[in-house]
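Below, chains carry the letters A, B, ... as their sequence lines are ordered, and counting in each starts from 1. Scope of the values below: all heavy atoms of this structure, side chains included, with no hydrogens, waters or symmetry mates.
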Amino acid sequence: MNIVACVKQVPDTEALIKVKADGSGIEEGGIKWVMSPYDEFGVEEALKTKEKFGGEVTIVSIGPARTMETVRTALAMGAEKGIHIDDPALYNADAYATASALAAAIKGIPHDIIFCGMRAIDDDSGQVGSILAELLGLPSVTVITKLDIEGSTAKAIKPIEGAQLLIETSLPCVITAQKGLNEPRYASLPGIMKAKKKPVEVKKAADLGLTVEQKSTVAKMSPPPARPPGKIIQGDDPAAKAAEVIRLLREEAKVI
Amino acid sequence: MAHGAQHVYTVGHEGREVFWNAPYELILFAFTAVALAIFAYGLFRRWQLWKALGKPEDRMDNTGERVKSLIVNGLFQVKTFRDVYPGVMHALIFFGFFVLIWGAAIDATQFHIGLPFFHGPFYLWFSLIMEIFGLAVLLGIVIAMYRRYIEKPDRLGYRGTPDNRADDAIVLVGIGAIIVTGFIIEALRLHVNVNVDGFTWGAWSFVGYGLSKTLTGVGYDTARILHKWMWWIHTFIALGLIAYIPWSRLLHIITSAANQYMISLKPKGYLEPIADFENAESFGVGQLEDFTWKQIFDSDACTRCGRCQDGCPAYLTGKPLSPKKVIQDLKTYWLERAPVVLAAKKAAAEGEDPVIPEPEKMMVGEVIDLHELWACTNCMYCMEHCPVCIEHIPKIIGMRQYKVLMEADFAPELQLTYRNMENNSNPWGIGAHLRQDWAAGVGVKTLAEDSDVEYLFYVGCSGSFDDRGKKVAIALAKILKEAGVRFGVLGAEEGCCGDSAMRGGNEYLYQIMAQTNIEVMNGYGVKKIITMCPHGYNAIKKDYPHFGGNFEVYHHTEILADLIAQGKIRLKQSVQGTFTYHDSCFLGRYNDIYDQPRNALKAVPGLNLVEMSSNHAKSFCCGAGGARMWMEEDIGERINDVRADQAIAANASTIAVGCPFCLTMMADGIKDRGKEETMEALDIAEIIWDAMGLEEATASAEEAPKEAAAE
């Protein structure tokens, strides 16, 4: 089976995010970059699928040179090869442009099933998987927590509020992974060492015959409003302090 | 014929004819030869098995140190004595037999070479000494039998099932029989000789002499025949046991001594780093042959004495791990595998690689259960107290390395810990940029701000990120400032020391952590380091030198004790309550730091220090070492709760610690036992800072700016 997993490199969840003064993006200095956690579920499911049915897993990712590290991480987990689309026109691209680049790369290789994270934890757009499926003319099943493949049919469980859906579709298809789908594996050391020698093609948009077209742009990025500092109510009389708490909760916080 | 016969024994010429009444020299030689042949063949066979498997390792360097270990641990039985009751039991047998063998040698020398030792006062004293040591052996054997078969201590079994084997009984009965028959022979000889003119010194051999008095009704001729029989029985048993040595637990006479000679001369807790990640084909120990030959040999030195098991925190809290069982299971497995490997090597044609059949059982997972493997806290009790210097922990870590590095098959919570260490250089996974936050308001400079300092205060992850640990870091920083110590920190440039990765088998991650830290430290020209966590202390002191990190490392309790002794810290605030000090394994057993923390505590006015039932080298682990800090503990009782019980039993109101892991574990133990109203766990730095009585002044100065900021 020819399996593709799309991954995105994002800042670590614990990283300190500082917005650039001009609002054009974030300060990248000092940030630890990791694979987006939902993409990890996708890679793990890709590897499990390969282990069950045989075949190869190809990792596709878009981003600057540092992205190679994330591709290698996926290769260390057990994927066979990678495509790294490194084109400045695609850095910080919107979901449509990202999906078109992924589609362009995936069109050129055999693909029976494609895994994406349900969303990337940096821009939270959650659209790439679906647009990718549309561009490739494939069905997509999003936000799934369980996957069973039988022959050319995929059965996926998608949790919704108060219930879960069992969705069937035919292969090839695009699957986007939700937490709970699996526990991503820890790369073995031989895996890490072998990953250094696995083939990764680095491509520009033009190599894929792609003209980058964005449907939307981030006009401005700004930090969330600072949390107002806590208040310590001074005084010796507990009753008066309690009354002050009530007054503040009612008048300032407006929660009671 | 016996050469001694030419002497005349009278008062003033006391002595005796050796081999009296047993004149079958040739038959004796023949039997001796047979016994020695069986012994030699057994030893040769064993030698082949020792050599069959395992990687090379040099344990023959530095003869002086090795001979010293052999004398201390072998000849003087120092480690054996650490446990008094079985220590004395073994000493009675060991020293008794040691002396008796010299006696036999002197006997034989007189007989075969004709040196007339058995004469005059020498003979009389010799007789007396032989009697005493003969009795000692007998007493030792009786105690050993009583202990093994009637008292049945748990350590001579596993979870209540004794692991007594046939050779245990054969050896005890055999040695006992040698002594008993020896005394009977003596009694019969004295009985016959006692009426010879001028023979008046029989009482020097007081046991045989006493026995001979019970033989008054036995005729001399009968006595001579009985004597002859006894003499041969005695000789047969003795020769039999010599032949039996390589085939029984008696082999420990050789293997234990050899192991004491081949002791590790590395610092305690030393782990051989993996040298070449790029080119090695496998990592860690997955198969028996991945051990070094010495690691395999260890298992043959084990006498199943169970000292290791007796103090193992995992075993004592109901986990499947017993260090003794691990070593014995490896031994059984080796004795299955080694002959197969030998046969395969023999069958292989010259110059061809032997085709070694795959083992039927996996070593890691089947021979050694994974629950055993991961239960170890690396507390070092087993290695510290093994009288024959077996090294358990490197084996455990070797097998963990295999599971982690090769198979990536290990506890999910530990995987998360490692990911956290990879991404944020701390096990909790808190943003690495927050590492210096604890120091806000304490006024500690980073080396980037001022590198002209005497010490680097390596705070470590607990002091930097754990709320409880931060308080210790703050107390320590305040003390150091107050005492005028010039120090700085690395701030956000500091990284995790890597101890949990190393001991949890992730050597690769550990080396990345270590190398990153060393690069930063060397970049600032760091020479001396103070740590507040014994894990970082041990790693930086003993393991960082492998990667070019050579620093003078001090634990904060060493520094505190020193500052107090020098009068640079004045303790004026007296304290209430009873304190007990919990030895951190990585300070105590790993680094022999027992006195400094206690000295610092004793300097506090009014401090009443009591010891828990397990203390110093026999201290009981808190349960957090060996990466266990980050793992679920779901089998048996919690180790920290059992330790808290010991503190409760000692009537302590405060458990003083020198380790942030211990601090967490003891605080949890107090909570689990519902004692948080009356007990607390404190780091020694916190206790000292309180006793300095400066807190009020500092506290108000510190809180003022915070309030201002809040408004």
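With no hydrogens or angles considered, a side-chain donor-acceptor pair links A:Tyr186 and B:Asn506 at under 3.5 Å.
The minimum heavy-atom distance linking A:Ala187 with B:Ala408 is given by the pair C-CB, 4.1 Å.
With a 4.5 Å cut-off on non-hydrogen atoms, B:Leu509 touches chain A through its side chain but not through its backbone. For B:Phe410, the part lying under 4.5 angstrom from a heavy atom of chain A is the side chain only. With a threshold of 4.5 angstrom between heavy atoms, A:Pro228 does not approach chain B through any atom at all. Both the backbone and the side chain of B:Asn423 come within less than 4.5 Å of a heavy atom of chain A.
Atom NZ of A:Lys158 is surrounded by more than 12 heavy atoms from other residues, nucleotides or ligands within 6.0 Å. At most 12 heavy atoms of other shown residues, nucleotides or ligands fall within 6.0 angstrom of atom CD in A:Glu183. The local environment of NZ in A:Lys50 is crowded, with over 12 non-hydrogen atoms from other residues, nucleotides or ligands closer than 6.0 Å. Atom CD of A:Glu69 has 12 or fewer heavy atoms from other residues, nucleotides or ligands within 6.0 Å. Annotation for A:Lys179: atom NZ does not count as buried by contact number, only 12 or fewer foreign heavy atoms lying within 6.0 Å. The environment of A:Asn2 atom CG is dense: over 12 non-hydrogen atoms of other residues, nucleotides or ligands sit within 6.0 angstrom. Counting non-hydrogen atoms of other residues, nucleotides and ligands closer than 6.0 Å to CZ of A:Arg66 gives a total above 12. Heavy atoms from other residues, nucleotides or ligands lying under 6.0 Å from CD of B:Glu519 number 12 at most.
Note on A:Lys196 versus B:Glu278: salt bridge recorded, some NZ/NE/NH1/NH2 to OD/OE distance being below 4.0 Å.
Heavy-atom pairs under 4.5 Å with chain A peak, among B:Glu407, B:Glu507, B:Gln415, at B:Gln415.
The distance from the OH atom of B:Tyr402 to the OG atom of A:Ser188 is 10.5 Å, given to the nearest 0.5 Å.
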Is there a side chain to side chain contact (heavy atoms under 4.5 Å, CB included) between A:Glu14 and B:Trp428 once you walk through the steps? CA-CA 11 Å; A:Glu14 293 293 323; B:Trp428 287 280; over 6 Å; no
Kindly indicate, with the supporting measurements, whether the criterion side chain to side chain contact (heavy atoms under 4.5 Å, CB included) is fulfilled by B:Arg419 and A:Glu40. CA-CA 13 Å; B:Arg419 278 167 191 264; A:Glu40 272 190 76; 2.6 Å; yes
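Residues B:Phe283 and A:Pro190 have side chains in contact (heavy-atom distance under 4.5 Å, counting atoms from C-beta outward).
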